[in-house]
Protein chains: 2
Amino acid sequence: MLKYQAIKEGLKKQIQQGVFKVGDYLPSESDLCTRFSITRTTVRKAMEELLKEGYIEKQQGKGSRVRERQTSLGLLTVKGFSEAVGQNIQTEFLQKPVLSVWTSEILFPVSDHDKTEQCLFFERLRMVDNLPVVLERNWFSGAVLPDFLKTQFVEGSFFKTLSRKYLIEVIGSSQELRAERAENHFAEVMQMESGTPVLHISIRFVTNNPQLTIYSELYCNTKKYPVGNSYFL
Amino acid sequence: MLKYQAIKEGLKKQIQQGVFKVGDYLPSESDLCTRFSITRTTVRKAMEELLKEGYIEKQQGKGSRVRERQTSLGLLTVKGFSEAVGQNIQTEFLQKPVLSVWTSEILFPVSDHDKTEQCLFFERLRMVDNLPVVLERNWFSGAVLPDFLKTQFVEGSFFKTLSRKYLIEVIGSSQELRAERAENHFAEVMQMESGTPVLHISIRFVTNNPQLTIYSELYCNTKKYPVGNSYFL
DNA sequence: TAGTGGTCTAGACCACGGT
DNA sequence: CCGTGGTCTAGACCACTAG
């Protein structure tokens, strides 16, 4: 194992396990140098990677601080979601996590390995001011998530739960987008007129555990809240 | 100016101007060290940035090679576009670049500065097997693009033209997505039934020239060809 | 003023690709 | 075998933040 990799993984694990919490400062670079008997170059390489992967932010003169990880995975978010503080946002479980089956609703091809495992499923409705905005349906293998069905979500977030309780991180994603008509069942749940255009987002999340891939199908009413993203070098 | 910045900008300019072409190898790191009387660390920092910005790719044992720049800006592409070699892809100008006006069709707010400048516009239709897939409408200030209306597109690409002829690079983007009904005019151009869902993508491209922002509105028929992207750490 | 991250020097050895 | 990029050492000085 390369030295900078070891430092990086060590720090990452401590962040994930909560030894360093969001907002905490990591030991300074010179601290780490003496502590592990290595040079600044090596320490800085490790920190550089943590920065690139979204775990920390640096400030000259102050230090490196753990931040709420945002993968910057080119993912789309509902505009006005989470950032819009004044908004009245609710999340409602239409189906809490249960044992289910691999279904053809999943538009990305399910891997042969996944097909041989049990399939877990849950479904949520995201609302702004009591208006349904996103219907979110998720499927994934439960093989590497012991006791997931009995687990409480960390801060209401699926991905935080994977990170804190199972040390699983999302390391990649593929998305496909389609404009479709809201059909009977969806139209009703989403409180849309049947036949209204709905934005259908299919996502495959790849994690650092090769046994866990997450398949999500999102249905968005973009009338009042378009989805979007930004990216700057 | 920092040394690594100077090296980086120098190499970047030479790449943009075609001194180093796609596929060419840049001088080796030790070459650059002696040539500019600096150390490996500094050269490597410069190369690192060029890598991150998508200008080069590195191979241990061989060297650093200029590659076709792909910004990895979290942008969406039509699935099967450009990668699908067997496909029969055409691009048709519905409107070649002309002097136009800032219109309310642009969903992102047009900056006050842009509003005071002349507005250029062009419109293209992308087709696969003679089936319209994307209608693309673009607006931007012509202030910093002398003779743009008389300019031929480099390899049929707007962005390559900006890069090669004006040394302007896209450094960021914001996107918004909406599912809408194809209305009369669009439905006709796109050869879709009126009222069919269409994916509307609004993009604001930010460039390294503060005077140039590009506003694009794309309308996609996702029935056969969904749009999408992938991202991996 | 002390401590932090940012830049830079001048070396060394290694892993990889091609001759 | 040589040249390439990848890792690492042991220093130095600078720019920024805060007490």
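Since we're looking at a predicted model, the values are computed, not measured. The basis for the numbers below is simple: all heavy atoms, side chains too, and nothing from hydrogens, waters or symmetry mates. Chain A is the first sequence line, chain B the second, and so forth, proteins listed ahead of strands; every chain is numbered from 1.
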Grab the [atom1]-[atom2] distance between [X] and [N] for me, whole Å please.
| X | N | atom1 | atom2 | answer |
| --- | --- | --- | --- | --- |
| B:F36 | C:dC8 | CZ | P | 14 Å |
| A:K45 | D:dA10 | NZ | P | 20 Å |
| A:E48 | C:dT7 | CD | P | 9 Å |
| A:R65 | C:dG3 | CZ | P | 21 Å |
| B:R40 | D:dG3 | CZ | C1' | 11 Å |
| A:Y4 | C:dC14 | OH | C1' | 14 Å |
| A:R44 | D:dT7 | CZ | P | 16 Å |
| B:I38 | C:dG11 | CD1 | C1' | 16 Å |

Task: Distance (rounded to the nearest 0.5 Å) between A:K52 NZ and B:K52 NZ - done: 7.0 Å
- [ ] Could you label the plane-to-plane angle of the A:F205 and A:F159 rings as parallel, tilted or perpendicular, counting under 30° as parallel and over 60° as perpendicular?
- [x] perpendicular
Open item on the list: Below 30° counts as parallel, above 60° as perpendicular, anything between as tilted: where do the rings of A:W139 and A:F121 land?
Closed with: tilted
Task: Position toward the 5' end of DNA chain C (nearest nucleotide), B:K62 or A:K58 - done: A:K58
TODO: Could you say whether A:G61 or A:T41 is positioned toward the 5' end of DNA chain C, judged by the nucleotide with the nearest heavy atom to each?
DONE: A:G61
Task: Single hit among A:E169, A:E53, A:E57 for salt bridge (Lys or Arg N to Asp or Glu O under 4.0 Å) with A:R69 - done: A:E169
Task: Side-chain N or O of A:S64 closer than 4.0 Å to phosphate OP1/OP2 of C:dG5 - done: yes
TODO: Report the base-pairing partner of C:dT9 (Watson-Crick or G-U wobble, both distances below 3.5 angstrom), or none.
DONE: D:dA10
Task: Residue met sooner reading DNA chain D from 5', once B:L26 and A:M1 are mapped to nucleotides - done: B:L26
Open item on the list: Is it the case that the side chain of A:K21 and the backbone of A:G18 share a donor-acceptor pair, with hydrogens and angles ignored and the cut-off at 3.5 Å?
Closed with: yes
TODO: Classify the nucleic acid contact of B:S28 as base, sugar-phosphate or nothing, counting any heavy atom under 4.0 Å across all strands shown.
DONE: sugar-phosphate
TODO: Look at the side chain of B:T42 and decide which nucleotide, out of C:dC8, C:dG5, D:dG5, has an atom nearest to it.
DONE: C:dC8
